[in-house]
Amino acid sequence: MPITIATFNVNSLRARLANVQDWLRLAKPDVALLQEIKCQEHEFPQLEFQSLGYNCAALGQKSYNGVAILSRFKFDVVQRGLPGDDGDDQARYMEADIEVPAEQTREQGAQKLRVATIYLPNGNPVESEKYPYKLAWMKRLRQRAAELLKTEMPVVLGGDYNVCPTDDDVYDPAGWAEDALCKPESRAHFRAIVNLGYTDAFRAVCSEINRYTFWDYQAGRWQRDEGLRIDHLLLSPQAADCLSDCQIDRYPRKQEKPSDHTPIWCRLDL
DNA sequence: ATGTCGCGTGAAACGCGA
């Protein structure tokens with residue numbers, strides 16, 4: 001039986017707990033990668049997720065950032081924080097090994113799947129120190145992504161990349177050309193990760209342009225469907241070989257008090 | 001040009017981050 005892995009920038013877990021619970025009950029992802037939980041670990045609603053059948057782990061921080069992994073299957077956290085800069089204390093990255101049971105796989109019995117939940121720095125304004133921090137962070141992510149390929153495991157790098165890969169992924173390319181989400185350097189760093197040998201799961205399945213995962217709260221962007229595709233699931237070759245579907249789930253964005261992002265999920269037949 | 005949220009501070013309205 002294939003498994004479903006979703007990524008969702010929730011924009012505050014405390015403000016969005018009911019929305020996230022509602023989404024989990026309906027979409028039933030086997031693994032959920034969350035970003036921007038904006039809470040500390042002692043505030044993480046572990047019991048609420050456990051009662052929905054999920055094991056969970058969080059890397060939290062006060063006010064900003066914060067990532068989490070929820071899984072119906074057992075898992076071990078193998079990395080807290082992105083390696084490569086001991087001075088970086090922003091909670092933006094965590095990895096786990098998911099133990100996919102034999103009854104969920106095609107033939108080889110139980111399998112391990114490596115997942116990462118990623119909240120890549122936004123990088124705006126580009127004149128500030130935030131933009132070089134973003135680009136340096138992406139270089140570190142590329143280094144880590146290269147290390148993970150050496151394991152030859154199925155790997156899913158999911159999250160809010162804060163990068164819109166091409167002009168086909170934004171409603172107003174000219175208007176966004178100078179933004180940190182669309183600048184050529186940001187796109188080049190994203191391609192450098194993909195070009196290691198990762199597959200953009202959404203683009204492997206859907207060639208339709210102007211399909212978004214984020215719509216600004218301002219100016220009726222959701223109502224006009226003026227958004228950006230910035231949440232991605234990058235698959236190692238061993239994961240990409242098992243890809244059977246990938247969809248953007250617009251339902252949560254339509255609800256009351258939504259996040260400004262909506263989930264994207266992929267299905268793997270391991 | 002602007003439009004909206006969520007957070008922390010600290011007690012209401014503001015600055016910050018997105």
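Only this structure's heavy atoms are used, side chains among them; waters, hydrogens and symmetry mates stay out. Throughout, a chain's letter reflects where its sequence line sits, starting with A, and its residues are numbered from 1.
Between A:K62 and the phosphate of B:dT9, there is a side-chain N or O to OP1/OP2 separation shorter than 4.0 Å. Here A:R16 reaches the OP1 or OP2 of B:dG6: one of its side-chain N or O atoms lies under 4.0 Å away. Between A:K257 and B:dG6 there is a side-chain N or O to OP1 or OP2 distance below 4.0 Å.
Proximity of residues 177-193 of chain A to DNA chain B (heavy atom under 4.0 angstrom from any strand atom) is not detected for any residue.
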Would A:R250 and A:D225 count as a salt bridge (charged side-chain N to carboxylate O under 4.0 Å, His left out) here? Give the steps.
CA-CA 11 Å; A:R250 294 167 62 100; A:D225 194 24; 3.4 Å; yes

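Counting only heavy atoms from C-beta on, A:S63 has its side chain closest to B:dG8 among B:dC5, B:dG3, B:dG8. If you check B:dG8, B:dG3, B:dG6 against the side chain of A:R14, the one that comes closest is B:dG8. In the set B:dT4, B:dA18, B:dC16, B:dT4 carries the atom at the smallest distance from any side-chain atom of A:Y217. Among B:dA18, B:dC16, B:dG3, the nucleotide with an atom closest to any side-chain atom of A:K130 is B:dA18. Of all nucleotides listed (B:dG6, B:dG3, B:dA18), B:dA18 comes nearest to the side chain of A:Y119.
Of the possible donor and acceptor atoms, one in the side chain of A:D172 sits under 3.5 Å from a partner among the backbone N and O of A:G175.
Along DNA chain B, the nucleotide nearest to A:R224 and the one nearest to A:I37 differ in position, and the one closer to the 5' end is contacted by A:R224. Mapping A:N122 and A:N11 onto DNA chain B via the closest heavy atom, the residue that lands nearer the 5' end is A:N11.
Residue A:Y131 contributes atom OH, which lies 18 Å from atom P of B:dG17 at whole-angstrom precision. Rounded to whole Å, the distance from CD on A:Q40 to P on B:dG8 is 8 Å.
Ring centers of A:Y161 and A:Y119: at least 6.0 Å apart, outside the cut-off.
Within the cation-pi definition used here (under 6.0 Å to the ring centroid, within 45° of the axis), A:R72 qualifies as a partner of A:Y54.
Among the protein residues, A:F214 comes within range of no part of the nucleic acid, since none of its heavy atoms lies under 4.0 Å from any strand.
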